[in-house]
Amino acid sequence: MPNLSKRLDGFGESIIRKMTRISNQYGAINLSQGFPDFDPPKEITDALKVIADTGPHQYEITWGAQVFRDELSRKQSAYMGLKINPNENIVVTCGSTEAMMVAMLSVCDIGDKVAVFSPFYENYGADAILSGAAPLFVELVPPNFSFDPIKLEETLKNGAKAIILCNPSNPSGKVFSLDELKIIADLAVKYDAFVITDEVYEHIVYKPYKHIYIASLPGMFERTISCSSLSKTYSITGWRLGYVIAPERIINVCKKVHDFLTVGAAAPLQHAAVVGLAFKDSYYDLLLKEYERKRSIFLDGLRQAGLSFFEPQGAYYTLVDISALNPYQTDQEFCEWMIKTIGVAAVPGSSFFRQKENRYIRFHFAKRDETLRAAIEKLKKLKQYKRGNIL
Ligand code: GLN
């Protein structure tokens, strides 16, 4: 038999998705892969019911239904403080996952390099490799997950053509400050690089932190490819609705990539989701309040369970330090043990870090309050496994 593509030799199955599989197998509470166990807004699901009868059920315009792009441009223009043209600046994709891939394929030729902050959401490494580029990593150093601008500059000196920026950041919960964004922007301009963002948690930023779109900084729109999605904002992760926002010169290339990659995002779902895009600002205020409450339920619970963790500034993840627990070989093995013994699933931290790391596991708290409380009750059992206690 001929060999299969060597391109994929370097990476295995997504650890995040794998943990969901193992969690389901053992019936654990799944706080690994980040998705809600509560319903999306009723207005959106009601709209879907109507569309089931009325359609459309056939292909939409490849770069997104007109009505979806119109409403998205209105909403994002207001939030980003930019004039987003629905026809010139948007491609609707199958989730931010496709948006990022479209961005990478639009920017990179084989042999190119991109800068990736580490810890990072595991897709970015794979996206880079699939698009023929090599990732150059820049460490985000705990506890603030700050970066050394000199290290970022080095990646650009070494030829990084784009900087991948996940803000608010998964898995660290870091929200990049204006000063940090300015450093990134200045370096992108100085070295004539693109910035590719993943801003799917744009509406989940805890006070006093504030989400700033790097595309909104002076001179940045022209070199920024902003990727985001409706998954987290409207609790519809399975709908796979995302988008790329960029200047026309870039979007014209993104349109081509997307056209040949997926043709388009699901037409009925785009039409139903328009209802969500048209929500008033109060919807986003309420969403944040919900997550503020969930964050405090979960973090208080972790404290009660005697666990130490990084308090997220945004998004819905927390990295928990397991180094004070009884010895384990790998964080992967620890997570599998925890699923079987404690009944709660997390993602091994090492899957997010470029640097060698075996100390963290990532939980998400996008779950109903009662699910979080049930998880906490189980996690309290970890107290017996503190170093020094007998297993
Ligand atoms: N962003 C989510 C996470 O980090 C999951 C995304 C996915 O699996 N597509 O868990």
Side-chain angles (χ1 to χ4, degrees), residues 11-24 28-38 40 93-104 116-127 130 140 145 164-175 196-205 227-243 261-262 265-266 269 287 291 294-295 298 309-310 312-320 331-332 335 339 344-354 357 360-367 371-372 375:
F11 56 92
E13 178 190 15
S14 147
I15 304 290
I16 296 178
R17 268 85 78 187
K18 178 179 177 180
M19 295 320 291
T20 284
R21 262 197 311 103
I22 304 178
S23 178
N24 291 346
I29 300 180
N30 186 7
L31 303 186
S32 63
Q33 187 180 21
F35 63 88
D37 65 349
F38 44 87
T93 57
C94 302
S96 185
T97 300
E98 190 208 335
M100 295 291 291
M101 198 65 235
V102 163
M104 297 283 284
V116 177
F117 290 107
S118 168
F120 60 102
Y121 172 50
E122 57 178 6
N123 277 37
Y124 309 150
D127 288 350
L130 286 173
L140 292 172
F145 294 97
I164 314 290
L165 177 70
C166 181
N167 183 31
S169 203
N170 176 8
S172 63
K174 176 186 178 63
V175 172
I196 299 175
T197 73
D198 179 354
E199 296 178 275
V200 298
Y201 307 99
E202 63 199 291
H203 292 291
I204 308 174
V205 175
C227 301
S228 192
S229 99
L230 281 69
S231 290
K232 320 289 182 182
T233 305
Y234 306 101
S235 309
I236 47 173
T237 60
W239 288 31
R240 314 309 302 124
L241 287 178
Y243 53 87
L261 204 56
T262 60
L269 301 182
L287 179 82
Y291 276 112
K294 291 184 189 306
R295 184 179 72 147
F298 193 63
F309 55 86
F310 294 107
Q313 302 168 347
Y316 50 49
Y317 305 100
T318 178
L319 286 171
V320 169
D331 54 4
Q332 173 73 38
C335 286
I339 287 174
V344 181
V347 182
S350 57
S351 64
F352 301 104
F353 285 83
R354 169 62 175 177
E357 199 49 87
Y360 303 117
I361 58 174
R362 189 201 75 174
F363 289 104
H364 84 90
F365 51 85
K367 290 284 181 259
T371 310
L372 296 175

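Atoms within each ligand, like the ligands themselves, are counted from 1 in listed order.
- Panel note: side chain Ser96, backbone Gly242; no donor-acceptor pair is recorded below 3.5 Å.
- Using a 4.5 Å heavy-atom cutoff, the side chains of Lys367 and Lys294 are not in contact.
- Separation of the Tyr201 and Tyr316 ring centroids falls under the 6.0 Å cut-off.
- Here Phe120 and Phe353 keep their ring centres 6.0 angstrom or further from each other.
- For Arg240, the side chain to side chain contact (heavy atoms under 4.5 Å, CB included) criterion is met by Cys94, Thr97, Ser231, not counting sequence neighbours.
- Protein residues lining ligand 1, listed by chain and number: Ile16, Arg17, Gln33, Gly34, Tyr121, Asn170, Tyr201, Lys232, Tyr317, Arg362 [non-hydrogen atoms, distance under 4.0 Å].
- Side chains of Ser32 and Asn30: a donor-acceptor N/O pair is present below 3.5 angstrom, by distance only.
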